[in-house]
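Hydrogens, waters and symmetry mates are skipped; everything else that's a heavy atom, side chains included, is used. Owing to the predicted nature of the structure, the values given are computational and were not obtained by experimental measurement. Throughout, protein chains are lettered first and strands after them, A, B, ... in sequence-line order, and every chain is numbered starting at 1.
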Number of protein chains: 2
Amino acid sequence: MNLNAADIQHLKGGYLLAALSDSEFDEVLAHANARTLAPGEGLFDQGDPATHFFFVLSGIVKLCRMAPSGEEKVMDLVRPGFFFAEAAMFMSGRYPINARGLEATRLVSLDSKHFVGLVRGNGDLCLRLLSKMSQRMHGLINEIDKLTLHSGAERVIGYLLEQLPEGAAPPSVRLLVPKHVIASRLGIQPETLSRVLAKLRAKQLIDVHDDMIVLNDVEALRRLS
Amino acid sequence: MNLNAADIQHLKGGYLLAALSDSEFDEVLAHANARTLAPGEGLFDQGDPATHFFFVLSGIVKLCRMAPSGEEKVMDLVRPGFFFAEAAMFMSGRYPINARGLEATRLVSLDSKHFVGLVRGNGDLCLRLLSKMSQRMHGLINEIDKLTLHSGAERVIGYLLEQLPEGAAPPSVRLLVPKHVIASRLGIQPETLSRVLAKLRAKQLIDVHDDMIVLNDVEALRRLS
DNA sequence: GTCGTGCCTTGATTTAGGTCAATCAGAATT
DNA sequence: AATTCTGATTGACCTAAATCAAGGCACGAC
């Protein structure tokens, strides 16, 4: 086993496992392994059998799909403290997307089959899972209508506001992934993202210093969302 | 109780309830009511407390969201034999979308709270639910990248192929909802849908007779998907 | 140093699709 | 039959964003 005490504490705090008793948690741990990803390294591909689900310890995992043209669309960026691929576990057993490390990343790999067995005997955990999944579904529904109902500029502003930490003064966002990745996440081209930011800067609504963006007028931005 | 024997049979065949024992099913039935919707009549609105989930007996239910501008975006069209709003049940307790009858519609309304209580004691049912929800999540993920990666024309073709019944000869699709509703479903304007269909017709790929569309070359269409 | 290489920005051009408006057909109402 | 209404179609136009292309700037390698 290659997880240290801090990792285990981290993992225990994750949404899905918080409902487990100590003995259940230990059992899950017995079927868990730490793993590292190099920048750009693939973890699994769309269509692979969904044998495991994962928890991010450090770094960032990119969940994306490939268009027939070869172009890739980023579906989600998973940060430390979050699970991913836990939904595929109950399905036909295939991952619906690709997962790859965006930078050097450490994660925990958990055995799907074993976990499903555990869930079968634990109603509370089961409900927690159901809630978690429907939460993510609402997120996806939101995503869909943002993509269809809102313009590129509105999506950019929405993303900035989402990323804004609670009481940060001055209100600012640090982009911890390259801009072209954010662009893909928002369904636009890097050039468009660049232009949108330039426009917002021209209107004095934000200041951009490299990957640090200061929101000068959160209220005004929220109105434009 | 205003459900007849055929309705009950229909309901029992629905995905979520097939896993129930007879006594459990009867219990659910005791908390169920039939309901009718007039064309355009609202069932619930985005933000309403999610007290019930539903099963469509006949007609079509439109699940949609309102843009700030007042324009509506159709998220899904629910046909007879399918459940909806079952995901919201486990969540914060608010519906994330509006539901309204697209035409005269009969449906069964089921008590969420009661059903959640039932799930708590039934591991099998729980897993079935989890599977069902992750299935729908995959669908939503697909939807997202169709919207971002594919052009309007491609989405139209994809929709036609989806609607195509299995061994229909000649391969044809009957549009059972108005074209402007389909357009919204696909994230385009009615005019654009009209033009796309006109273009496909010009290329001899389809024939349009009112709401009946004949696919002359399924293979070619699939290549364009 | 200088040469790459990757990432971002900026400009010029093109294009898919939205908007506006006119027309038309079918269904419903008088 | 005349009339309004609703939805579909078509055309003319416009706009947001993609695409193509050219630098700029920081970084590491040599």
CZ (B/Phe82) with more than 12 external heavy atoms under 6.0 Å: no

Within the 6.0 Å centroid threshold, strictly below: B/Phe115 and B/His31: no

Distance in angstrom units between A/Lys199 NZ and D/dT15 P, rounded: 12 Å

A/Glu191 side chain, from C-beta outward: closest of D/dG7, C/dG17, D/dC20: D/dC20

Rounded interatomic separation in angstrom, taking CG from B/Leu147 and C1' from C/dA16: 15 Å

Length of the line joining B/Arg195:CZ and D/dG11:C1', which is rounded to integer Å: 7 Å

Among C/dT10, D/dG7, C/dG17, the one nearest A/Arg201 by side-chain distance: C/dT10

Of the listed nucleotides D/dT10, C/dG18, C/dT10, the one nearest the side chain of B/Ala198: D/dT10

Rounded distance (Å) that lies between atom C1' of C/dG18 and atom NE2 of A/His150: 17 Å

Touch class at under 4.0 angstrom, heavy-atom based, for B/Leu193 against every strand present: nothing

Minimum-distance nucleotide (side-chain atoms of B/Gln189 versus D/dA18, C/dT19, C/dC8): C/dT19

Greater than 12 external heavy atoms within 6.0 Å of B/Lys199's NZ: no

Spacing between B/His209 atom NE2 and C/dA25 atom C1', to the nearest angstrom: 16 Å

Closest to the A/Thr192 side chain, choosing from C/dG11, D/dA18, D/dT10: D/dA18

Whole-Å gap separating P (C/dG6) and CG (A/Asp211): 20 Å

Enclosure of B/Lys203 NZ (heavy-atom neighbours >12, cutoff 6.0 Å): no

Distance in angstrom units between A/Asp210 CG and D/dG24 P, rounded: 18 Å

Shortest side-chain distance from B/Lys179, nucleotide among D/dT9, D/dG7, C/dT9: D/dT9

Rounded distance in Å - CG (B/Leu149) to P (D/dA18): 12 Å

A/Phe44 and A/Phe54 aromatic centres sub-6.0 Å: yes

